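Here's the structure, in structure tokens; my notes come after.
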Amino acid sequence: NAGVTQTPKFRILKIGQSMTLQCTQDMNHNYMYWYRQDPGMGLKLIYYSVGAGITDKGEVPNGYNVSRSTTEDFPLRLELAAPSQTSVYFCASSRTSGQLNTGELFFGEGSRLTVL
Amino acid sequence: QKEVEQNSGPLSVPEGAIASLNCTYSDRGSQSFFWYRQYSGKSPELIMSIYSNGDKEDGRFTAQLNKASQYVSLLIRDSQPSDSATYLCAVRMNTGFQKLVFGTGTRLLVSP
């Protein structure tokens with residue numbers, strides 16, 4: 001019953017460092033997402049993917065990159081970390097009904113990132 | 001105008017009361033609406049979805065949708081302290097890949 005698994009749960013980075021947040025799901029969902037959540041600001045979409053090999057930018061993609069080589073995995077890469085990237089990051093997936101995105105998201109437990 | 005708007009709260013209700021959470025949205029073409037609950041320090045979880053005008057009940061939760069007024073609400077009957085959380089309204093847009101847009105959430109506090 002793993003669902004969506006994210007690692008690491010916590011990480012402190014220095015300005016300019018890079019890192020990858022890992023995300024894997026075992027529900028065979030086509031759609032996967034990365035959100036960031038800042039206090040009082042709701043969830044902002046960083047990148048999304050509608051299937052293996054297909055990714056696209058969300059609302060706040062600058063400073064991030066993604067790849068989707070398999071249905072299960074959707075890693076988020078932070079290049080040249082900046083203090084503005086301090087946030088909680090959530091990976092999520094959703095099932096489709098035919099070609100329709102159901103909008104019923106399953107979230108990972110989150111990764112709390114601090115950039116100092 | 002924000003795509004999805006919610007009052008940030010906190011909304012304080014006594015145990016056993018009805019909690020009413022509200023949400024408005026801007027995209028008149030939206031067809032799917034969701035309520036997610038997020039406990040402090042945890043990830044959001046889906047609790048209700050609604051697609052048609054009117055009410056949808058699931059246990060102590062009732063979602064209400066009025067597309068003409070672009071308004072979605074969540075009623076929690078017999079509120080319990082365990083219902084204390086932030087409730088996120090989400091609307092699936094009718095364009096592109098049908099992205100889900102979240103409101104900033106309403107914090108609910110249920111006092112014993």
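If you're wondering where the values come from, they're calculated on a predicted model, not measured in any experiment. Chain letters run A, B, ... following the sequence lines, proteins first and then strands; every chain starts at 1.
- Counting non-hydrogen atoms of other residues, nucleotides and ligands closer than 6.0 Å to CZ of B:R107 gives a total of 12 or fewer.
- B:L100 and A:G103 get closest at one heavy-atom pair: CD2-O, 3.4 Å.
- More than 12 heavy atoms of other residues, nucleotides or ligands shown are found within 6.0 angstrom of CD1 on A:I54.
- Atom OH in B:Y36 sits 4.5 Å away from atom CG in A:L105 (nearest 0.5 Å).
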Side chains of residues 47-54 of chain B: which donor-acceptor pairs under 3.5 Å do they make with residues two or more places apart or in other chains?
unit_1: B:S49; atom_1: OG; unit_2: B:K56; atom_2: NZ; d: 3.4
unit_1: B:Y51; atom_1: OH; unit_2: A:E104; atom_2: OE2; d: 3.2
unit_1: B:N53; atom_1: OD1; unit_2: B:K67; atom_2: N; d: 2.7

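- With sequence neighbours excluded, the residues that form a ring pair (Phe, Tyr, Trp, His ring centres under 6.0 Å) with A:F106 are A:H29.
- Looking at B:Q6, there are no atoms closer than 4.5 Å to chain A (heavy atoms on both sides), in backbone or side chain.
- A distance-only check finds a donor-acceptor pair linking the side chain of B:S43 to the backbone of A:G108 [under 3.5 Å].
- A:L43 is listed as a side-chain neighbour of B:L88, based on a closest heavy-atom distance under 4.5 Å.
- Minimum interatomic distance between B:F34 and A:T102 (heavy atoms only, all atoms of both residues): CZ-O, 3.0 Å.
- Criterion: ILVMFWY side-chain heavy atoms under 4.5 Å apart, direct or through other members. Under it, A:L76 and A:Y35 are not part of a common hydrophobic cluster.
- B:L65 and B:F61 fall within a single hydrophobic cluster, where Ile, Leu, Val, Met, Phe, Trp and Tyr side chains are chained together by heavy-atom contacts under 4.5 Å.
- B:K42 NZ to A:F90 CZ: the interatomic distance, rounded to the nearest 0.5 Å, is 10.5 Å.
- In terms of heavy-atom pairs under 4.5 angstrom with chain A, the leader among B:S32, B:G105, B:P44, B:G103 is B:P44.
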